[in-house]
K.L.:
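Sharing a structure with you now.
Every number for a ligand or one of its atoms is a count from 1 in the order of the listing. What you see is a predicted model, and the numbers here were worked out from it, not measured in a lab.
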Amino acid sequence: MTEAAPKKEQRRKFQAIRGTRDLLPPDTALWNHVEETAHAVFGTFGFGEIRPPIFEPTELFARSIGQDTDVVSKEMYSFEDFESSALLDYRNAILIWKAEPIGSGPPGILGTGASAQYKPFADRLANFFVLAREAFEKGNVPRTPENESFLKFFEGEMQSFHAKIQSQTIAVLENTVQSLKERSRALKFGDSLTLRPEATASVCRAYIEHNMQQLPQPQKLYYIGPMFRRERPQKGRYRQFYQIGAEVLENVKPDPTRDAAKELAKDAITDAELIQMLMTFFDRLKLPGVQLEINSIGHAADNCRRGYVALLKSELEKVKDKLGADSQRRIETNPLRVLDSKLEHEQPIIATLPKIADHLCDDCKTHYAAVKRELELRGVFYKENWRLVRGLDYYMRTTFEITAQGLGSQNAVCGGGRYDGLVELLGGPPTKGIGFAIGEDRLILSLQEAKDQSLVTSHQPPFVYIAWMGANAYAAAVHAAKDLRAAGTRVELPPVEQKFGKALERASKLGAQYALILGDNEVAEGTWTLKTLADGTQQKFTEPHLLDFLKKL
Ligand code: HAM
């Protein structure tokens, strides 16, 4: 303890940020088991792992997920990314400026030497402006239309401030100073970046960036990692959460002889294979109460989803007064999302709305029927849910969600769907896509609720505690620990000598299966004792036999 050791209250000040949490042992063993199972199962379906960065340009998510979605409009962690520069110092000089009273001469309508008093501020504005314009021209600040118009307006405001300090009262000028300070903040020094709220957009960006359309198609990729959304935290809903996701991306080459029917059938097989992989994964983990729901939301055309949405909107207008505020807003922004409502009193109203299945175009109908057939062929059970529309804008045709037991209201453990055209929207070649993301936190919660972790615990290697006493015994213990650990055995080597009674107590507390008892006598005789802690039985072995025995367990 040093003198500067913080007081208890101070120490308590640091806690994980709301909506984030530490994953701790022994829970992390289950997390690892789940992730290892994903690597193994996805590998058998020919998927390779991709690890995209955790932050990307804000625009990537805004454009793909959709500006009006909850994720983009309210939940993203975005920040401006820039390096410290002289420009920053100049802006700070503006922000921290305070008028120093001059204190000489009689105060008149123009105040006491207003022009002298505000001249230093006007100089700071001018310095900042000159540097800002230069940075803009050189591309050292983003050359966006917003920054361009900032420079134009700021120049005008600066000139008018110059004029005002010749003719205005101090009170008026003080207000102008405040508004100019605020204004100076509007220059964007760097690009807007966002902690990824999901990874489909990142995978599409990577597909384009690495010209993956030139590799064998389709590209089958999966990822495991943290995502960030500023949602209201509750059980199964966090601000930093983990997803295990997979995406299948396939370049579409222009081909006038393409057989449309064959193409739809092929896409349906891709969809069914992906869903089968997902169900195999859940099956391998023995996830309880898994239920797959599927739907088709058609494609963006007048004779398909657009026509349906227009019809839905007009039907919703008729019942608008009976709906809550959220649904009323969604009639304008995204009528499909009204179908997502969980509000009790809206359910009978929603039940009478037109269903998308009755308004799909022929191709989307054919595709949906084929997906169902292919799932049946693979023995994958599903339930159709015409209200399953998903909360992100990029979907078309197949959408699906999986729920599991023990999760309360946040019971969607996985969501996904087809998103042909997304890669193109992001500036890439025409590409088809389908994927899913599993909420790993929810998956783990559901497995823990089921309390069937036999899979995790049954393959644990033995755990040996080496109870040593004496200098010779210590050296032998160090060697034995090295030898056993190299063979994959978990070994605890206490750093201090302990009486055997104490050592055995500690070994039991730690949950060890065996205690290896090593005193100087044992080392001299070459006969070591192994105690099974569960029943207290002891066996004597020569050193090589004992190590061999443990390694083979
Ligand atoms: P999503 O439905 O937004 O889809 O998220 C997928 C899953 O992530 C959800 O079903 C849920 O289990 C989990 N999840 C979402 N938000 C949270 C949260 N705040 N806390 C805990 N778990 C959460 C997507 O993200 C798409 N990118 C899926 C996809 C991939 N579609 C095509 N490819």
Side-chain angles (χ1 to χ4, degrees), residues 17-21 23 34 42 47 50 52 56 60-61 64-66 69-72 74-77 195-207 218-249 270-271 274-275 277-278 281-282 287 290-295 297 337 340 388-404 406-423 431-447:
I17 302 291
R18 189 168 129 86
T20 74
R21 61 204 179 120
L23 305 173
V34 162
F42 296 178
F47 280 68
I50 176 171
E56 300 264 6
L60 174 70
F61 300 116
S64 51
I65 300 171
T69 57
D70 284 352
V71 172
V72 171
K74 341 185 213 190
E75 296 169 1
M76 295 206 299
Y77 285 96
L195 299 185
R196 62 183 187 193
E198 59 112 51
T200 307
S202 309
V203 174
C204 290
R205 196 256 318 125
Y207 181 87
Q219 279 291 299
K220 300 195 273 188
L221 299 164
Y222 74 95
Y223 49 85
I224 301 177
M227 309 289 155
F228 306 85
R229 297 183 193 177
R230 194 186 282 102
E231 293 195 82
R232 196 167 46 77
Q234 63 183 83
K235 182 183 169 193
R237 190 158 73 190
Y238 310 98
R239 291 182 166 184
Q240 174 174 340
F241 60 99
Y242 293 78
Q243 281 189 345
I244 301 177
E247 315 289 347
V248 182
L249 291 163
T270 304
D271 297 9
L274 181 86
I275 295 174
M277 174 171 97
L278 188 55
F281 170 67
F282 287 144
L287 184 68
V290 178
Q291 205 174 81
L292 165 69
E293 293 191 350
I294 61 168
N295 190 22
I297 58 163
R337 297 282 293 162
D340 255 0
L388 203 163
V389 294
R390 312 272 302 127
L392 318 171
D393 278 2
Y394 48 63
Y395 293 111
M396 52 99 63
R397 292 192 178 145
T398 312
T399 55
F400 56 94
E401 257 176 30
I402 291 165
T403 51
L407 293 172
S409 61
Q410 302 302 317
N411 64 351
V413 80
C414 173
R418 180 164 277 280
Y419 51 85
D420 297 359
L422 177 58
V423 167
T431 307
K432 294 181 185 185
I434 179 160
F436 63 76
I438 297 161
E440 194 177 358
D441 306 74
R442 294 184 191 176
L443 171 58
I444 300 273
L445 267 176
S446 185
L447 289 172

K.L.:
Measure across R418 and T270 and return the closest heavy-atom pair with its distance rounded to 0.1 Å.
P.N.:
NH2-CB, 4.1 Å

K.L.:
For atom 23 (C) of ligand 1, what's the nearest protein heavy atom and its distance?
P.N.:
F241 CD1, 3.4 Å

K.L.:
Give the residue, atom name and distance (to 0.1 Å) of the protein heavy atom nearest atom 31 (N) of ligand 1.
P.N.:
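Its nearest protein heavy-atom neighbour is Y395 OH, 2.6 Å.
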
K.L.:
Apply side-chain contact (heavy atoms from CB on, under 4.5 Å) to E75 and list each qualifying residue two or more places apart in sequence or on a separate chain.
P.N.:
D70, V71, R229, E231

K.L.:
Answer with side chain, backbone, both or neither: which part of Q410 has a heavy atom less than 4.0 angstrom from an atom of ligand 1?
P.N.:
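Neither part.
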
K.L.:
Considering only residues two or more places apart or on different chains, which pairs with a residue in residues 433-447 satisfy side-chain hydrogen bond (donor to acceptor under 3.5 Å, both in side chains)?
P.N.:
R21-D441, Q410-R442

K.L.:
Taking only heavy atoms of L392 into account, list the atoms of ligand 1 that are under 4.0 Å away from them.
P.N.:
4 (O), 24 (C), 26 (C)

K.L.:
Which heavy-atom pair separates G416 from Y395 by the least distance, and what is that distance?
P.N.:
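Closest approach of G416 to Y395, heavy atoms only: C-CE2, 3.7 Å.
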
K.L.:
Among all protein heavy atoms, pick out the one at the shortest distance from atom 13 (C) of ligand 1; state its residue, atom name and that distance to 0.1 Å.
P.N.:
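Here the closest protein heavy atom is G439 CA, 3.5 Å.
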
K.L.:
T403 and E293: side-chain donor and acceptor closer than 3.5 Å?
P.N.:
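Side-chain D/A pair, T403 to E293: absent.
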
K.L.:
Would you find a donor on one side and an acceptor on the other, under 3.5 Å apart, between the side chain of T399 and the backbone of L388?
P.N.:
yes

K.L.:
On a heavy-atom basis, I'd like to know which of F400, Y419, F436, Y238 is closest to atom 20 (N) of ligand 1.
P.N.:
Y238

K.L.:
Taking the non-hydrogen atoms of Y242, is any one of them nearer than 4.0 angstrom to ligand 1?
P.N.:
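Contact absent.
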
K.L.:
Enumerate the atoms of ligand 1 whose separation from the nearest heavy atom of E198 is less than 4.0 angstrom.
P.N.:
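Here the atoms of ligand 1 in question are 25 (O), 26 (C), 27 (N).
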
K.L.:
Would you kindly specify which portion of R442 sits under 4.0 Å from ligand 1, judged on non-hydrogen atoms: side chain, backbone, both or neither?
P.N.:
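The part of R442 near ligand 1 is the side chain, not the backbone.
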
